[in-house]
Amino acid sequence: MASIARKNLLEDIPRFLVAQAGIMFAVTLITIQTGILEGFTRSTALVVDNSKADILVSSNQVVNFELTLPIPAALLEEARAVPGVEIAEPLLLGSARWTKPGTADIVPMRPIGFYPDGQLFRLWNLTAGDIDRLKDPYTAIVDESSLDTLNAEGVGDTGQMNSLPATIVGLTQGTQSTASSTFAFMSIESAKAYATVGLTSSVRCRSNPDGELDCSTVYRTEDSETGVPPVKPLAIGDAITHILIKAEPGQDLEALTQRLETVLPEVRVMTREEMAEMTRSYWKSRTGVGFILGLGAGLGVIVGVAIVGQILYSSVSDRLKEYGTLKAMGASDWTLYRIVIEQALWMSVLGYMPGMALCLGVSVWAEASMGVTILITPVTAIGVLGITVAMCVGSAFFAIAKVTRVDPAAVFRS
Amino acid sequence: MIIVSPLEPETARFPMDTSSDAQGAIVAKGVEMSFPAGNQDIQVLKGIDLSIAKGSVQLLMGPSGSGKTTLLTILAGLLTPTAGQVELLGHEITQMSRRKLSRFRLQNIGFIFQGFNLFPALTAAENIEVALNLKDIHGNSARRQALELLGEVGLKDRADLRPSSLSGGQKQRVAIARALAGKPPLIVADEPTAALDSHSGHATIELLRRLAKEGGATVLIVTHDPRILDVADRILYLEDGEIVSEDKAAISH
């Protein structure tokens, strides 16, 4: 049929543009909110996702990748001894405060210590500097998006972390979690130094009646600063956060996980995917973030339905005589519904395209300027298209109800 | 002023058109129509009996409120009478389902409206194509037929203009072309000349008569317009819900 729907839609351009602006707004709201949620939750598990470990060993009280209790570094050797483990490397998450000389700003930091030469955690998306420089004490690599926050210019810039010096020796891109303090990737030795600065520790062991050793780590605050201390290698009495495990080829990960949990005391052992999912799920479900962003997306749908519904209803109301004429001529109700639904479909597609283009632009800008990931995957894009179409067609309900009530005999009375 | 001569009661109740085909294209028997108005019903049509021969042009005239538009609406299958029967082309339509009746109208009746009722967003040709599309004629075939019909009403060169770019007479010619799309055997027209000047009005009705005759269609026109009396084969004059005259000569005088 000559497209009455399309032509009716374009006949009143100002009204059409208002409708499209409304749909664009709804599409943008839904996509951005969903994209922020997706980007946010993905970013919380970036470090896990990008590690090469098959399995992570953490405290048995682990809540998510960053929210956990320390475990003794001594477990590292025990883990290496478990049959099926090929490589075991430590990961140390600390907390620190960054200050830039000459400025009063204090920035919370999340030092992430690993073996720069290790195999299970390799920094990704390095855009400047050199990972080998992390072998120098008190050096760190940060995400490009954190430079402004740190009041830093780039590679070579210096500051202080927990009263110790820190030099930026490299930059990465897309490695920062939106939910976390600023990540500072560094050697495990530097991370340990920042974590324990101002503290000294010693291990005290004594023999219990069963003939076993009971050991405990004792931390003691240093009374005075004695200059910049040299970094020290990881010791048996140190605390670490996770152990990254690479299984020997052909190993059944589930069986290895169970063996590790049996052998190592008070730990929880998870595959990389399980840890990542646990972390994402925590941020999405157990914090209000998922709800709030979901609410925003829902609001977008409501706004879209209201706008499209109103526009379609008024469009049908203005054209009752035309619909009545079609009915008088013998058009079936379905023919009329098709016109309204086709109009709704055109509105959804024509509103979706610029809306999605706007979202893609905003996501690129947000990533580049703020380091905030608005993740718009093909699945998200297709999903939002589906929602938009459903929203527009659904909002045609009242217009369809009105068309159904049109009395064809009225064409002779008007 | 139209003067109606008194009719014999029998004739007034059931005017038979014997001018053409013995089989009536439209046959109404005892058609009554009432509308509720407050606590009581107002009877608009009071037992209309009529028969309209195939291929004829018939005018339905009468003063405002006489019930002629209501009668036209019933005879076109758009309104179900309170009582009585209507046969169109041999089919009793008052008992038809809504869906079946829509289908019947689509296949058999062309409509022409006082206000043209063209789709403003569509061009002249597209307005006709819509009617053809409803009858399952699509694509190039619909386009070709639409242009042919526009050619018949002398508007082929206006095919791509929207109604807003056409004069009143041209719009009504497009409406006639649309009504003729698919060659329906019945054409009903409601005040087709009311919005037209004298010249356009007469030309429009002449055109309608010629095309209807060529296609063998029966045409029923509701009108107040005395300028078009001469194109009719018969004039039915309605007053207070009853046909009081079917005599063209009497009404003309």
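None of these values were measured; they are calculated from a predicted model. By convention in this document, chain letters (A, B, ...) are assigned in the order of the sequence lines, proteins followed by strands, and residues within each chain are numbered from 1.
A:Met329 is not listed as a side-chain neighbour of B:Asn117, based on a closest heavy-atom distance of 4.5 Å or more. With a 4.5 Å cut-off on side-chain heavy atoms, B:Phe119 and A:Asn8 do not count as touching. Side-chain contact between B:Leu134 and A:Leu326: present, with at least one pair of heavy atoms (C-beta onward) separated by less than 4.5 Å.
Annotation: B:Asn140, atom CG; neighbour count of heavy atoms from other residues, nucleotides and ligands within 6.0 Å does not exceed 12. In this structure, A:Phe16 places its CZ atom where more than 12 heavy-atom neighbours from other residues, nucleotides or ligands lie under 6.0 Å away.
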Side-chain donor-acceptor distances from residues 346-364 of chain A under 3.5 Å, at least two apart:
from     : atom 1 : to       : atom 2 : distance (Å)
A:Trp346 : NE1    : A:Glu342 : OE2    : 3.1
A:Ser348 : OG     : A:Ala344 : O      : 3.4
A:Ser348 : OG     : A:Leu345 : O      : 2.6
A:Tyr352 : OH     : A:Ala381 : O      : 2.6
A:Ser363 : OG     : A:Leu360 : O      : 2.8

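Both the backbone and the side chain of B:Pro120 come within contact range of chain A, judged by heavy atoms closer than 4.5 Å. When heavy atoms are compared at a cutoff of 4.5 Å, B:Ile128 does not approach chain A at all. Contact of B:Ala131 with chain A is made through backbone and side chain together, with heavy-atom distances under 4.5 Å. Residue contact with chain A, scored on non-hydrogen atoms closer than 4.5 Å, is absent for B:Arg143.
Contact detail for B:Phe111 and A:Ala328: the closest heavy-atom pair is CE1-O, 3.0 Å.
Contacts of residues 96-107 of chain B with chain A at a heavy-atom distance below 4.5 Å involve B:Arg98, B:Ser102, B:Arg105, B:Leu106, listed in sequence order.
Of the listed residues (A:Gly324, A:Ala331, A:Gly330), the one with the most heavy-atom contacts under 4.5 Å to chain B is A:Gly330. Contacts with chain B were tallied for A:Leu9, A:Asp12, A:Asp333; A:Asp333 has the most, counting heavy-atom pairs under 4.5 Å.
Taking OG1 from A:Thr325 and CG from B:Leu118, the interatomic distance works out to 9.0 Å, rounded to the nearest 0.5 Å.
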